[in-house]
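Numbering of ligands and ligand atoms starts at 1, following listing order.
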Amino acid sequence: MRKLIVANWKMNPLTAAEARVLARKSDFPGAVICPPFIFLGEVGGLLKKADLGAQDASWEDQGAYTGEVSPLGLKRAGVKYVILGHSERRGYLGEGSGLINKKIKASLRVSLKVILCVGEPESVHRGGLAATVKFVVSELKADLKGIDKSRLIIAYEPIWAIGNGNSASPEEINKINLHIKKYLGKNIPILYGGSVGPENAKKFLREPLIDGLLVGGASLKPTKFSKICTWKTKI
Ligand code: PGA
């Protein structure tokens, strides 16, 4: 199976000109580019090899929901993937499993490919493997209530590893991914995210249990992102 490299630009860049430059330099087969909503049209129009993704989507299709972005509208705008349940949304906006569950259902209804992020905070990580597995599985259980699990992509993103250069080790990730696959089924792709860069991408992509990467900071640096995507094609 081809490994998926998802670029999560988060709230960057700030101008369409910068987004266009970044999009042109990030256009690799097997990559999914997730720009801010305001640049989806610009970026989507430029990508030839990579797919387009969104960083969130509403729990409703249409209507009086100020500030929300419709999954159906995203689909019609050429978006193929959607990231849901990112720890920054859970943390800063208080998104909980109830809302995330409704968002997943709404996105699946319009055949968007859902990338659901799960992962434990530092305090749970310190409690060891059993505590981490318990946390991640209970997050999955709550987020996925009543959902056909066979159509999902999971991103395991330990919160303590995001944006600080302190990635989890392939051994740690393998252990968690094995438990996730045991819970969801072995054919569910599981990405890893958390301080991925060109210096460590290869050691993750070599692992049979890691099906791809979710890249934040390094996806804003074209030289770094292109190296990550090139490792992937060499595997
Ligand atoms: P990072 O972010 O690569 O900057 O650690 C990953 C993410 O939050 O998706």
Handout entry: Backbone N/O of Ile190 and side chain of Asp211: donor-acceptor pair under 3.5 Å
Key = yes
Exercise for the section: Using a strict 4.0 Å cut-off to heavy atoms of Glu157, name the atoms of ligand 1 that fall inside it. Expected result: 6 (C), 7 (C), 8 (O), 9 (O)
Handout entry: Proximal atoms of ligand 1 relative to Gly217 (non-hydrogen, under 4.0 Å)
Key = 1 (P), 3 (O), 4 (O)
Problem - Heavy-atom side-chain proximity of Ser26 to Pro222 below 4.5 angstrom - result: no
Problem - Whether over 12 other heavy atoms sit under 6.0 Å from Lys113 NZ - result: no
Exercise for the section: Any atoms of ligand 1 less than 4.0 Å from a non-hydrogen atom of Gly194? List them with their elements. Expected result: 5 (O)
Practice task
Return yes when atom NZ of Lys181 has more than 12 non-hydrogen atoms of other residues, nucleotides or ligands closer than 6.0 Å, and no otherwise.
Solution key: yes
Handout entry: Distance-only N or O hit between ligand 1 and Leu214, under 3.5 Å
Key = no
Exercise for the section: Kindly confirm or rule out an N or O of Ala218 lying under 3.5 angstrom from an N or O of ligand 1. Expected result: no
Completion exercise
Here the atoms of ligand 1 under 4.0 Å from any heavy atom belonging to Gly216 are 1 (P), 2 (O), 3 (O), 4 (O), 6 (C)
Exercise for the section: Take Asp56 and Lys103 through the test side chain to side chain contact (heavy atoms under 4.5 Å, CB included) and record every step on the way to the result. Expected result: CA-CA 9 Å; Asp56 186 43; Lys103 288 184 170 191; 3.0 Å; yes
Exercise for the section: List the steps and the verdict of salt bridge (charged side-chain N to carboxylate O under 4.0 Å, His left out) for Lys175 and Glu171. Expected result: CA-CA 6 Å; Lys175 284 181 193 154; Glu171 295 72 34; over 6 Å; no
Practice task
Taking atom NZ of Lys134 as the centre, report whether more than 12 heavy atoms of other residues, nucleotides or ligands fall under 6.0 Å from it.
Solution key: no
Exercise for the section: Could you tell me which atoms of ligand 1, counted from 1 in the order shown, lie closer than 4.0 angstrom to a heavy atom of Ile162? Expected result: 2 (O), 5 (O), 8 (O)
Handout entry: Test item, Gly193 contacting ligand 1 (heavy atom, 4.0 angstrom)
Key = no
Exercise for the section: Determine whether more than 12 heavy atoms belonging to other residues, nucleotides or ligands lie under 6.0 Å from atom NZ of Lys25. Expected result: no
Handout entry: Check: Val215 N/O within less than 3.5 Å of ligand 1 N/O
Key = no
Practice task
For atom 2 (O) of ligand 1, grab the closest protein heavy atom and report residue, atom and distance to one decimal in Å.
Solution key: Lys10 NZ, 3.3 Å
Problem - Subset of ligand 1 atoms that lie under 4.0 Å from at least one heavy atom of Asn8 - result: 9 (O)
Practice task
For Lys10, look at atom NZ and say whether over 12 heavy atoms of other residues, nucleotides or ligands are found less than 6.0 Å away.
Solution key: yes
Problem - Nitrogen or oxygen atoms of Asn164 and ligand 1 under 3.5 Å apart - result: no
Practice task
Identify, by atom number and element, the atoms of ligand 1 in contact range of Gly163, meaning under 4.0 Å from any of its heavy atoms.
Solution key: 1 (P), 4 (O), 5 (O)
